[in-house]
Novice: 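I have a structure I would like to understand better, so I am pasting it below and will then ask my questions one at a time.
Every chain is numbered from 1, with letters handed out A, B, ... down the list of sequences.
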Amino acid sequence: MYNFKEIEKKWQDFWDKDETYKVEEDDSKEKFYTLVEFPYPSGAGLHVGHVKGQTAVDVFARFKRLKGYNVLNSMGWDAFGLPAENFAIKNKKHPGIFTQENINNFRRQIKSFGPSFDWSREIDTTDPNYYKWTQWIFLQLFEMGLAYEKEAPINWCPSCKTGLANEEVVDGKCERCDSLVEQKNMKQWFLKITDYAEELITDLNDLNWPEYIKTSQKNWIGKSEGAEIDFSVKDSDIKIRVFTTRIDTIFGCTYVVIAPESKILLQLEYKIENKDELNEYLEKIKNKSDLERTDLNKDKSGVKIEGVKAINPFNNEEVDIFIADYVLASYGTGAVMAVPAHDERDFEFAKKYDLEIKTVITKEKDIDNSISCYTEDGHLLNSLEFTGMNSSQARSRMIEFGEGKGFVQRKINYKLRDWLFSRQRYWGEPIPIIKCSSCGNVPLEKSDLPLVLPEVENYEPSGNGESPLANIDSWVNVKCPKCGGDAKRETNTMPQWAGSSWYFLRYIDPKNQEELASAENLKKFMPVDIYFGGAEHTTVHLLYSRFWNKALCNKGIVPVSEPYKRRVQHGLILAEDGRKMSKRWGNVINPDDVISEYGADVMRLYIMFMGPYGDTSAWATSGINGISRFVNKVWNLTEKEITEDESDKETLNILHKTIKKVGEDIENISFHTAISQLMILLNHLSVKEKINKELVNIFAKLLSPFTPHLSEELFSLMGGIGSIFKSSWPEYSEDLIKDEKVKIAVQINGKLRDTLEVDFDSEESFVVELAKNSELVKRWIEGKDIIKIIFIKNKLLSIVIKQ
RNA sequence: GCCGCGGUGGCGGAACUGGUAGACGCGCUGGACUUAAAAUCCAGUGAUAGCGAUAUCGUGGGAGUUCGAUUCUCCCCCGCGGCACCA
């Protein structure tokens with residue numbers, strides 16, 4: 001019986017002492033940078049989901065090491081965050097204490113399943129030596145004009161008492177605590193991610209990422225190309241600028257709509273005749289929650305502005321102006337031209353308020369067949385000189401025409417908003433800015449970093465938009481570094497996403513005191529060759545960190561514009577009952593328990609065997625038993641007679657097929673099929689009485705990415721010296737993969753009637769003769785005309801007969 | 001609504017550029033070992049009919065292309081994920 005407890009411990013100790021996974025200084029070897037998302041060290045401990053990602057990166061890293069690469073594979077802690085802070089509030093203890101305890105527990109748990117991380121490079125985002133550089137990067141962004149302060153309506157979570165980025169609001173609720181998010185006007189720090197919107201889209205093209213992640217990111221950034229058109233307000237100099245992607249429908253515009261929060265209203269104010277009615281409406285809107293406002297099913301409402309008319313510059317027609325909350329102030333210009341005949345929303349609104357609907361696009365040329373709303377492209381009607389053109393033609397002609405006259409501008413809009421970057425909480429990186437009444441926002445000097453998070457008495461957020469740091473007068477009140485006058489520190493902290501936006505750079509040179517990482521090392525190791533992680537980061541972390549990397553690249557700090565060459569995401573592991581694992585259901589699988597019952601190798605192998613890596617699958621105790629059987633059977637090979645005698649041809653054939661398939665499958669992240677091939681090989685070997693020593697060695701190597709402890713033990717039993725991971729991946733021989741005999745399928749009119757065993761590469765004439773003599777075939781073709789014979793070497797013979 | 005992915009035995013899932021559907025694992029059935037059980041080992045296992053050789057059906061449904069379709073084309077149904085009043 002395989003004693004996993006003893007053997008796993010033995011090799012884990014060996015790896016620690018041997019520093020087996022330390023990145024080598026050897027420059028002759030090509031680098032390979034494997035990365036897995038570093039965990040937030042929660043109080044709940046390691047989840048099997050973490051194990052899945054960390055095992056996958058480990059399989060890949062070990063494989064690449066054996067393939068001769070100098071592999072960088074490390075681990076760290078994304079340790080700022082709300083749970084630690086909430087713990088601190090409740091227990092009146094520093095969140096760092098709780099965080100350290102959790103980190104220690106996570107480290108122990110991760111080490112207990114034996115992944116090959118270079119622990120000498122471990123990082124922790126809450127360590128001042130780390131966040132010094134997070135702050136430094138902020139200052140670079142500030143210097144580049146990419147970090148700015150602005151008073152704006154922001155997403156505010158009343159329960160977490162902090163502002164949130166757009167990416168942290170899901171269905172109008174706080175991603176963390178599910179409270180309804182409110183809009184609050186506050187002066188806040190933003191990062192100008194929108195400057196990179198275009199690059200963030202186009203550079204996706206060259207990345208080896210799953211298509212669905214690319215589309216998700218594109219959708220999130222939401223590029224749309226169109227034009228801005230100026231409508232002038234009758235009897236005034238005021239212009240209302242609208243954004244549209246469908247300038248081809250301009251002649252169907254029967255009114256203009258302004259968002260309730262739009263600043264244009266102030267300009268128009270002196271002309272408005274129904275101010276009371278408008279104010280009443282605005283008041284009503286204000287009281288609606290964001291969720292209510294964006295509910296698609298809600299009735300559209302609005303109010304006509306009396307006394308003011310807008311003029312369509314294309315035909316000089318006068319149209320009415322409305323304010324309505326179906327138009328968003330935050331997108332485009334905050335105003336739209338309404339074309340009810342060709343836009344669903346405008347159509348709905350026009351129906352409700354009985355407004356004119358004017359058809360200008362038809363599906364078929366010159367035929368007005370539209371009864372309701374037609375939103376597709378088509379041919380123009382009633383559009384003066386543009387009549388008869390198709391939509392796309394009309395769009396470019398109209399833009400040219402309008403640009404010539406000065407009332408149209410080509411414009412690209414993005415849904416992506418700037419990243420709200422300040423949080424009114426304690427447990428985050430302090431923003432390294434001093435606010436001086438005469439000099440404005442003054443950045444700290446590099447030599448003043450890290451700006452260490454000070455001790456406070458009370459970790460509770462004030463709720464009034466100030467972080468707990470604001471209460472420490474001695475920390476807040478400083479002299480302005482520029483003018484020497486009285487000044488105050490910025491008291492907001494950075495969001496949790498900050499530390500994780502660049503951690504992959506720090507692994508490369510984690511102890512560097514002078515730079516975030518040396519240029520030389522960055523050049524050597526960037527980009528990350530393969531990045532494993534979870535689906536929840538498709539549009540948040542992945543987008544933020546690409547942005548930071550791009551900004552740093554523009555500053556000449558990072559040598560590559562895209563940080564992650566290849567991205568692989570894993571599917572969830574559900575509980576045995578098919579539900580999500582949760583304390584509430586009491587169905588959580590704790591890796592500690594699995595390891596003590598079955599061993600680390602069995603857990604790793606099982607998780608990799610559960611199904612396709614990207615798929616969701618449910619934990620099955622019976623399944624893990626099967627893997628346990630497999631591991632014991634592998635061990636039983638050592639009880640056979642180990643010889644130097646050569647293996648038989650069939651064995652070599654299967655062995656070499658396995659070498660080929662396991663290598664290819666690991667490369668393609670098809671771990672479960674790699675393992676099934678290893679099972680096929682084992683099933684073949686299990687019935688033998690004697691077994692070749694070298695064959696055991698090769699088998700151990702093929703298994704080693706999945707079951708490193710077992711493989712080390714086998715390797716050393718077979719006389720290997722040192723770690724198996726310092727050896728090399730076996731090569732396969734094409735000759736040995738070829739089968740000597742092959743089975744050929746014989747089909748008659750497409751139906752399988754017989755299989756013939758023949759020599760490899762047998763000729764058509766030979767196989768046809770053989771088939772014609774087969775009783776099973778004779779039965780079907782006797783007395784029939786053969787119309788056609790299709791022969792594919794080593795595969796099949798298809799005979800077509802006349803019925 | 002839009003975009004993306006998927007639907008294969010009792011279950012997880014295999015199947016290369018169209019070429020023997022169901023690899024591998026689980027489960028189940030029978031047998032060996034055992035006083036017995038567990039563990040282990042051996043054999044079987046898509047459905048239907050047949051003692052069997054074998055035949056027919058079979059990859060969500062319907063049509064099509066083809067000697068041949070899980071794979072390609074069109075239509076439809078269902079499930080999952082993302083986005084969603086973005087003009």
Novice: Whether A:Lys751 contacts B:C57 is assessed here as follows: a side-chain N or O lying under 4.0 Å from the phosphate OP1 or OP2. Is that the case?
Specialist: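 Checking B:C57 against A:Lys751, a side-chain N or O does come within under 4.0 Å of OP1 or OP2.
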
Novice: Is there a side-chain contact between A:Tyr326 and the phosphate of B:A87, meaning an N or O under 4.0 Å from OP1 or OP2?
Specialist: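 For B:A87, OP1/OP2 do not have a side-chain N/O of A:Tyr326 under 4.0 Å.
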
Novice: Which comes earlier along RNA chain B counting from the 5' end, the contact point of A:Ala745 or that of A:Ser617, where each point is its nearest nucleotide?
Specialist: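 Nearest nucleotide further toward 5': that of A:Ser617.
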
Novice: Kindly indicate whether the side chain of A:Leu164, heavy atoms from C-beta on, has any atom under 4.5 Å from the side chain of A:Cys174.
Specialist: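 Touching, per the 4.5 Å side-chain cut-off.
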
Novice: With rounding to the closest Å, how many angstrom separate the C1' atoms on B:C57 and B:U8?
Specialist: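 Result for the C1' pair: 15 Å, nearest Å.
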
Novice: With rounding to the closest Å, how many angstrom separate the P atoms on B:G31 and B:A36?
Specialist: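 Here B:G31 and B:A36 have their P atoms 13 Å from each other.
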
Novice: So what does A:Gln747 touch, heavy atoms closer than 4.0 Å: a base, only the sugar-phosphate, or nothing?
Specialist: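 Touches a base.
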
Novice: Just checking A:Lys411: base, sugar-phosphate only, or nothing, at a heavy-atom cut-off of under 4.0 Å?
Specialist: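 Contact class for A:Lys411: none.
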
Novice: Counting side-chain heavy atoms from CB outward, which of B:G19, B:A87, B:G82 is closest to A:Thr245?
Specialist: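 The nucleotide sitting nearest to the side chain is B:A87.
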
Novice: Report the glycosidic orientation of B:G9: syn if within 90° of 0, anti in every other case.
Specialist: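 Syn, since the glycosidic angle lies within 90° of 0.
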
Novice: What nucleotide among B:G19, B:G82, B:C67 has an atom nearest to a side-chain atom of A:Lys788?
Specialist: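 Closest nucleotide to the A:Lys788 side chain: B:C67.
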
Novice: Taking the minimum atom-to-atom distance to the side chain of A:His672, which one of B:C42, B:G13, B:A87 wins?
Specialist: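 When the side chain of A:His672 is considered, B:G13 is the closest of B:C42, B:G13, B:A87.
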
Novice: Select base, sugar-phosphate, or nothing to describe what A:Ile680 touches, counting heavy atoms under 4.0 Å on all strands.
Specialist: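 Here A:Ile680 touches the backbone only, sparing every base.
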
Novice: Could you measure between the two P atoms, the one in B:C26 and the one in B:G19, and give it in whole Å?
Specialist: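 My reading of the P atoms in B:C26 and B:G19 gives 29 Å.
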
Novice: For the CD atom on A:Glu740, are there more than 12 heavy atoms of other groups (residues, nucleotides or ligands in this structure) within a distance under 6.0 Å?
Specialist: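 Open: at most 12 neighbouring heavy atoms sit under 6.0 Å from CD of A:Glu740.
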
Novice: Before we go on, tell me: are the rings of A:Tyr606 and A:Tyr598 under 6.0 Å apart, centre to centre?
Specialist: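 No, they do not, as the ring centres are separated by 6.0 Å or more.
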
Novice: What nucleotide among B:G19, B:U56, B:U54 has an atom nearest to a side-chain atom of A:Ile792?
Specialist: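 Looking only at side-chain atoms, A:Ile792 lies closest to B:G19.
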
Novice: Report yes or no: is there a donor-acceptor pair, N or O only, under 3.5 Å between the side chain of A:Glu344 and the base of B:G1?
Specialist: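 No such pair is found, so the answer is no.
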
Novice: Whether the A:Glu198 and A:Tyr414 side chains hold a donor-acceptor pair (N or O, under 3.5 Å, no angle test) is what I'd like checked.
Specialist: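 Present: a donor and an acceptor within the cut-off.
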
Novice: Is there a donor N/O on one and an acceptor N/O on the other, under 3.5 Å, for the side chain of A:Ser622 and the base of B:C26?
Specialist: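 For A:Ser622, whose side chain was compared with the base of B:C26, there is no donor-acceptor pair (under 3.5 Å).
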
Novice: Within the structure shown, what part of the strands sits under 4.0 Å from A:Asn625 by heavy-atom distance: base, sugar-phosphate, or nothing?
Specialist: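 Result for A:Asn625 = nothing.
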
Novice: Which of these nucleotides, B:G19, B:C42, B:C26, is closest to any side-chain atom of A:Arg629?
Specialist: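 The listed nucleotide nearest to A:Arg629's side chain is B:C26.
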
Novice: Side-chain donor-acceptor pair under 3.5 Å between A:Glu576 and A:Thr621, yes or no?
Specialist: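 Judged by distance alone, the side chains do pair up.
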
Novice: Are there more than 12 heavy atoms of other residues, nucleotides or ligands under 6.0 Å from atom NZ of A:Lys580?
Specialist: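 Count not over threshold, so no.
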
Novice: Say we look at B:G61 and B:G7: how far apart would their C1' atoms be, to the nearest angstrom?
Specialist: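 Those two atoms are separated by 12 Å.
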
Novice: Measure from the side chain of A:Asn219, starting at C-beta and using heavy atoms only, and say which of B:G27, B:C67, B:G82 lies closest.
Specialist: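 For A:Asn219, the side-chain atoms sit closest to B:G82.
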
Novice: Looking for any heavy atom pair under 4.0 Å, which part of the strands does A:Gly626 touch: base, sugar-phosphate only, or nothing?
Specialist: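 Touches sugar-phosphate only.
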
Novice: Categorize A:Arg753 for me: base, sugar-phosphate, or nothing, with a 4.0 angstrom heavy-atom threshold over every strand shown.
Specialist: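 Sugar-phosphate only.
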
Novice: B:G58 and B:C75: how far apart are their P atoms, nearest whole angstrom?
Specialist: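 So the two P atoms sit 24 Å from each other.
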
Novice: Pick base, sugar-phosphate or nothing for A:Thr244, based on heavy-atom distances below 4.0 Å to the nucleic acid.
Specialist: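 Here A:Thr244 touches the backbone only, sparing every base.
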
Novice: Counting only side-chain N and O atoms of A:Ser224, is one of them less than 4.0 Å from OP1 or OP2 of B:A87?
Specialist: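 Yes, within the criterion.
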
Novice: Please work out if A:Pro210 contacts a base, only the sugar-phosphate, or nothing of the nucleic acid, heavy-atom cut-off 4.0 Å.
Specialist: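 No contact at all - A:Pro210 keeps every heavy atom at 4.0 Å or more from the nucleic acid.
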
Novice: Scan every strand shown for a Watson-Crick or G-U wobble partner of B:G27, both distances under 3.5 Å, and answer none if you come up empty.
Specialist: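 Paired with B:G27, as far as the under-3.5 Å criterion goes, is B:U45.
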
Novice: Students often get this wrong, so: under 4.0 angstrom with heavy atoms, is A:Lys743 touching a base, only sugar-phosphate, or nothing?
Specialist: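 Base: the residue A:Lys743, judged by heavy atoms under 4.0 Å, touches a nucleobase.
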
Novice: Please state the C1' separation for the pair B:C80 and B:U29 - nearest whole angstrom.
Specialist: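 Looking at atom C1' only, B:C80 and B:U29 are 36 Å apart.
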
Novice: Taking the P atom in each of B:U65 and B:U56, what is the distance between them to the nearest angstrom?
Specialist: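 One P to the other, the span is 23 Å.
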
Novice: Check for a donor-acceptor pair, side chain of A:Lys52 on one end and backbone N or O of A:Tyr613 on the other, with a separation under 3.5 Å.
Specialist: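 Yes; judged by distance alone, with no hydrogens or angles, the pair exists.
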
